[in-house]
Amino acid sequence: FKPPDTYFVENNQKRYVAALDDMVIGIVVESHAELYGVDIGCHQYASLSYMSFEGATKRNKPNLKVGDLVYCRVIIANRDMEPELSCIALSGKQEGFGKLNGGYMFKCSTGLARDCLADDSPILSILG
């Protein structure tokens, strides 16, 4: 249960389906003139605009390269359109979003990812 009145139905789906305000980790796979293509495990790449970072301007663009990991929030999620991402929280601040440095990333099922989000997750307590 996630307030207000949001429920998750768990199943064995193979592919992530983007939902509004989901926090995701993606891999930068494309770099274009005004946006990045980010693989978040969806049916198609998500788009991340250069202007979707705190303090970004036309002169002050983020320096992401293909292969970098980014932590961002889904701001547009529609079955018929590519998802759109932002590295700015609802409060207008960065709050941990952006390029990730160090650590490890591995693919897992959507069910395991939801289990890790629980407050009493045994998986995260084992990992530290």
Side-chain angles (χ1 to χ4, degrees):
F1 175 72
K2 184 177 175 184
D5 301 329
T6 302
Y7 297 93
F8 294 103
V9 177
E10 296 296 331
N11 62 5
N12 287 333
Q13 70 188 57
K14 300 281 185 191
R15 187 174 294 271
Y16 167 69
V17 177
L20 188 64
D21 288 330
D22 273 358
M23 274 56 123
V24 296
I25 296 175
I27 303 169
V28 176
V29 291
E30 299 173 341
S31 180
H32 299 288
E34 294 187 13
L35 56 87
Y36 295 106
V38 181
D39 182 7
I40 59 172
C42 252
H43 64 289
Q44 58 187 359
Y45 295 149
S47 62
L48 175 62
S49 171
Y50 286 116
M51 301 301 283
S52 294
F53 290 83
E54 183 184 9
T57 63
K58 287 189 176 187
R59 287 187 174 188
N60 183 21
K61 295 180 183 177
N63 187 18
L64 296 177
K65 297 183 278 302
V66 172
D68 285 345
L69 295 177
V70 289
Y71 178 54
C72 32
R73 183 173 61 89
V74 178
I75 57 172
I76 295 178
N78 187 332
R79 273 201 178 307
D80 302 323
M81 297 171 46
E82 68 181 14
E84 190 171 322
L85 307 174
S86 174
C87 287
I88 302 173
L90 292 174
S91 65
K93 301 287 183 188
Q94 190 171 350
E95 294 185 10
F97 292 113
K99 181 179 175 183
L100 297 176
N101 297 313
Y104 298 98
M105 184 185 133
F106 52 91
K107 291 191 182 243
C108 65
S109 68
T110 55
L112 179 59
R114 292 243 187 257
D115 289 345
C116 289
L117 290 173
D119 292 334
D120 58 342
S121 173
I123 298 165
L124 292 183
S125 63
I126 291 170
L127 292 175

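Quick note: residue numbers are just sequence positions, from 1.
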A.B. asks: Mind checking the NZ-NZ spacing from Lys99 to Lys65? Nearest 0.5 Å is all I need.
C.D. replies: 4.5 Å
A.B. asks: Work out which heavy atom in Tyr36 is nearest to a heavy atom in Val28; give both atom names and the distance.
C.D. replies: CD2-CG1, 4.0 Å
A.B. asks: List the atom of Ala89, the atom of Phe97, and the distance in Å for their closest heavy-atom pair.
C.D. replies: CB-CE1, 3.7 Å
A.B. asks: How long is the straight-line distance from OG of Ser49 back to NE2 of His32, given to the nearest 0.5 Å?
C.D. replies: 12.5 Å
A.B. asks: Is Leu124 reachable from Ile126 through a run of I, L, V, M, F, W or Y residues, each pair having side-chain heavy atoms under 4.5 Å apart?
C.D. replies: no
A.B. asks: Distance from Phe53 atom CZ to Leu64 atom CG, nearest 0.5 Å?
C.D. replies: 4.5 Å
A.B. asks: Shortest non-hydrogen contact from Gln44 to Met81?
C.D. replies: NE2-C, 3.1 Å
A.B. asks: With a 4.5 Å cut-off on side-chain heavy-atom distances among I, L, V, M, F, W and Y, is there a chain of contacts connecting Met51 to Val74?
C.D. replies: no
A.B. asks: How far apart are the C-alpha atoms of Tyr16 and Asp22, what are their side-chain angles, what is the distance that settles it, and do they pass the side chain to side chain donor-acceptor pair (under 3.5 Å) test?
C.D. replies: CA-CA 11 Å; Tyr16 167 69; Asp22 273 358; 2.7 Å; yes
A.B. asks: Is the backbone of Glu82 close enough, under 3.5 Å, to the side chain of Tyr45 for a donor and an acceptor to pair up by distance?
C.D. replies: no
A.B. asks: Could you check whether any side-chain heavy atom of Ile27 comes within less than 4.5 Å of a side-chain heavy atom of Leu69, counting everything from C-beta outward?
C.D. replies: yes
A.B. asks: Do the side chains of Ser31 and Tyr50 get nearer than 4.5 Å, heavy atoms only?
C.D. replies: yes
A.B. asks: If every non-hydrogen atom of Cys87 is compared with every non-hydrogen atom of Cys72, which pair is closest and at what distance?
C.D. replies: SG-CB, 3.7 Å
A.B. asks: Might you point out which heavy atoms bring Asn63 and Asp68 nearest each other, and give the distance in Å?
C.D. replies: O-OD2, 4.3 Å
A.B. asks: For residues Met105 and Val29: do they belong to one hydrophobic cluster (side chain heavy atoms under 4.5 Å, members Ile, Leu, Val, Met, Phe, Trp, Tyr)?
C.D. replies: yes
A.B. asks: Count I, L, V, M, F, W, Y as connected when their side-chain heavy atoms are under 4.5 Å apart, and connections chain through other members. Are Met23 and Ile25 then in the same cluster?
C.D. replies: yes
A.B. asks: Would you check if Glu30 and Leu35 make a side-chain contact, meaning some heavy-atom pair closer than 4.5 Å?
C.D. replies: no
A.B. asks: Mark yes or no for whether Asn60, through its side chain, and Gly55, through its backbone, hold a donor-acceptor pair below 3.5 Å.
C.D. replies: yes
A.B. asks: Taking Val70 as the starting point, is it possible to reach Val66 by hopping between hydrophobic residues whose side chains are less than 4.5 Å apart?
C.D. replies: no
A.B. asks: Minimum heavy-atom separation for Ile88 and Arg73, please, with both atom names.
C.D. replies: O-NH2, 3.1 Å
